[in-house]
Amino acid sequence: MDYTINVQGQLMELSQPQVMGILNVTPDSFFEGSRMQTEQDILRRARQIVVDGATMIDIGGCSTRPGSEPVSEAEEMERLRLALGVVRRELPLAVISVDTFRPDVARMVVEEYGVDIINDVSEGSVEMYRMIARLRVPYILMSVQPTLRDMLLAFAREVQQLRDLGVKDMILDPGFGFGKTVAQNYQVMNGLDRLQVMELPLLVGVSRKSMIFKLLGLTPNESLNGTSVLNTIALMKGASILRVHDVKEAVECVRIVKSLNGQIDK
């Protein structure tokens, strides 16, 4: 599908799959390789994301790993101000997404730092929907529903709510690892192409998640190979964006799938 999103007045093409690199400004994200807390670490990670071929940087200041206690809103804002100040200063043209479930955090990062996309890591709320309509930025809507049937019903309702508020640019995230058993995660992946009926771009985030390491008896640090396998399957089933820790490997998955589709890079 030839999807586009409006990023700061410019159309960003999603007809070719894009890679979003993860930059976590947290001490407790489940994958230790994504934790960046100093200005030097943040800048090094952001530059590496861009060098490795990602077209978006997703910055998070509050861990959403299973069993974690969310930090306060003030602490999340403080962490994001640190990261966004560094990235906006050193990489002013980078397309930045912020990973949050709090409407006031979304407002702050857009109004103070010109963040391009809000990536809502909850199932959304009326308060967040209204904030997104006010901010007029693309919105990533995630599902915690355990089955494709329930997911489609919920997405249909939520997308209509957003459209009624005037939100135009939406991206759907099936929410791998959220509200699903390992088996349910794989059932959703197997039927991922069914979400194309929504006629909206899909973001897939399976990077080093428990659906991989629990199935294979590994740790997150050992789950890159499984991540690449699932990223490739997701692309073949229509994913427009891969949200990943390992950008270089995800970019390689995109190139391989494009070649399978006769879109060989010159």
Side-chain angles (χ1 to χ4, degrees), residues 1-23 46 49-50 54-62 64 80 83-84 87-88 91-143 151 154-176 178 195-196 198-205 234 238-244 247 250 254:
M1 300 288 287
D2 292 335
Y3 297 120
T4 60
I5 53 172
N6 187 329
V7 176
Q8 304 285 359
Q10 301 291 321
L11 289 182
M12 184 174 190
E13 291 282 347
L14 300 180
S15 53
Q16 301 296 321
Q18 305 296 310
V19 174
M20 172 185 283
I22 298 168
L23 195 169
I49 286 171
V50 173
T55 53
M56 294 175 253
I57 301 173
D58 190 54
I59 302 177
C62 179
T64 55
L80 288 169
L84 290 166
V87 177
R88 275 295 185 227
L91 298 168
L93 300 180
V95 175
I96 298 176
S97 164
V98 160
D99 178 337
T100 188
F101 58 90
R102 291 170 165 143
D104 284 340
V105 173
R107 177 193 53 76
M108 182 276 289
V109 298
V110 173
E111 292 182 351
E112 294 185 19
Y113 295 95
V115 161
D116 305 289
I117 300 168
I118 294 299
N119 180 13
D120 189 350
V121 293
S122 70
E123 199 175 12
S125 65
V126 172
E127 292 78 14
M128 180 63 92
Y129 296 169
R130 288 174 178 161
M131 183 61 70
I132 295 300
R134 170 183 161 186
L135 297 172
R136 297 182 180 276
V137 294
Y139 178 55
I140 300 170
L141 172 64
M142 194 190 80
S143 178
M151 194 178 295
F155 273 149
R157 180 178 64 253
E158 293 152 2
V159 166
Q160 190 59 56
Q161 286 180 276
L162 286 157
R163 286 180 170 148
D164 289 345
L165 290 166
V167 177
K168 299 185 184 304
D169 292 290
M170 289 171 271
I171 298 161
L172 303 181
D173 176 358
F176 290 103
F178 291 86
L195 294 178
Q196 296 289 343
M198 296 297 301
E199 297 186 350
L200 289 169
L202 300 178
L203 177 146
V204 168
S240 295
I241 302 170
L242 298 178
R243 180 180 179 273
V244 300
V247 172
V254 170

| task | Can you sort out the partners of S240 under side-chain hydrogen bond (donor to acceptor under 3.5 Å, both in side chains), two or more places apart, ordered by chain and number? | result | none
| query | When rounded to the nearest 0.5 angstrom, what distance separates CG in D173 from CZ in F178? | reply | 8.0 Å
| remark: On a heavy-atom basis, the closest approach of M151 and S143 is CG-OG, 3.4 Å
| request: Sort out for me which residue in I117, I5, V115, T55 forms a side-chain contact (heavy atoms from CB on, under 4.5 Å) with V95. | output: I117
| field | Shortest non-hydrogen contact from A46 toward V87 | value | CB-CG2, 4.0 Å
| query | Excluding sequence neighbours, so at least two apart, what forms side-chain hydrogen bond (donor to acceptor under 3.5 Å, both in side chains) with Q196? | reply | Y3
| note | Hits for side-chain contact (heavy atoms from CB on, under 4.5 Å) against L11, two or more places apart or cross-chain, chain-then-number order -> T4, N6
| query | Can you name the closest pair of heavy atoms from F101 and D120 and give their distance? | reply | CA-OD1, 3.4 Å
| field | Set of side-chain hydrogen bond (donor to acceptor under 3.5 Å, both in side chains) partners for Q8, sequence neighbours left out | value | D116
| said: Test side chain to side chain contact (heavy atoms under 4.5 Å, CB included) on Y129 and L141; report intermediate values, then the result. | reply: CA-CA 10 Å; Y129 296 169; L141 172 64; 3.8 Å; yes
| query | Donor-acceptor pair, R130 side chain versus P103 backbone, under 3.5 Å? | reply | no
| request: Heavy atoms only: give me the nearest L165-A133 pair and the separation to one decimal. | output: O-CB, 3.5 Å
| said: I'd like to check the salt bridge (Lys or Arg N to Asp or Glu O under 4.0 Å) partners of E111; sequence neighbours left out, ordered by chain and number. | reply: R107, R134
| What residues form a side-chain contact (heavy atoms from CB on, under 4.5 Å) with V50, not counting sequence neighbours? | I57, L91
| What is the minimum heavy-atom distance between R102 and C62, and which atoms define it? | NH1-SG, 4.3 Å
| note | Applying salt bridge (Lys or Arg N to Asp or Glu O under 4.0 Å) to R163 and not counting sequence neighbours gives none
| query | Are any non-hydrogen side-chain atoms of R88 and I96 less than 4.5 angstrom apart? | reply | yes
| side-chain contact (heavy atoms from CB on, under 4.5 Å) against V254, all qualifying residues, sequence neighbours excluded | P17, V19, L235, L242, K258
| task | Show your reasoning for whether side chain to side chain contact (heavy atoms under 4.5 Å, CB included) applies to V109 and I118. | result | CA-CA 9 Å; V109 298; I118 294 299; 3.8 Å; yes
| task | Mind checking the CD-CG spacing from E112 to L84? Nearest 0.5 Å is all I need. | result | 9.5 Å
| query | Among all residues two or more places apart in sequence or in another chain, which pass the side-chain contact (heavy atoms from CB on, under 4.5 Å) test with M20? | reply | M56, D58, S97, I140, L203, I241, R243
| said: Tell me every residue that passes side-chain hydrogen bond (donor to acceptor under 3.5 Å, both in side chains) with D2, counting only those two or more places apart in sequence or in another chain. | reply: none
| Sequence-distant partners of D169, salt bridge (Lys or Arg N to Asp or Glu O under 4.0 Å), two or more places apart | none
| request: Would you give the length of the straight line joining atom CG of L172 to atom CZ of F155, rounded to the nearest 0.5 angstrom? | output: 4.5 Å
| remark: Closest non-hydrogen contact found for V121 with M142 is O-CE, 3.4 Å
| query | What's the spacing between Q18 CD and M12 CE if we round to 0.5 Å? | reply | 4.5 Å
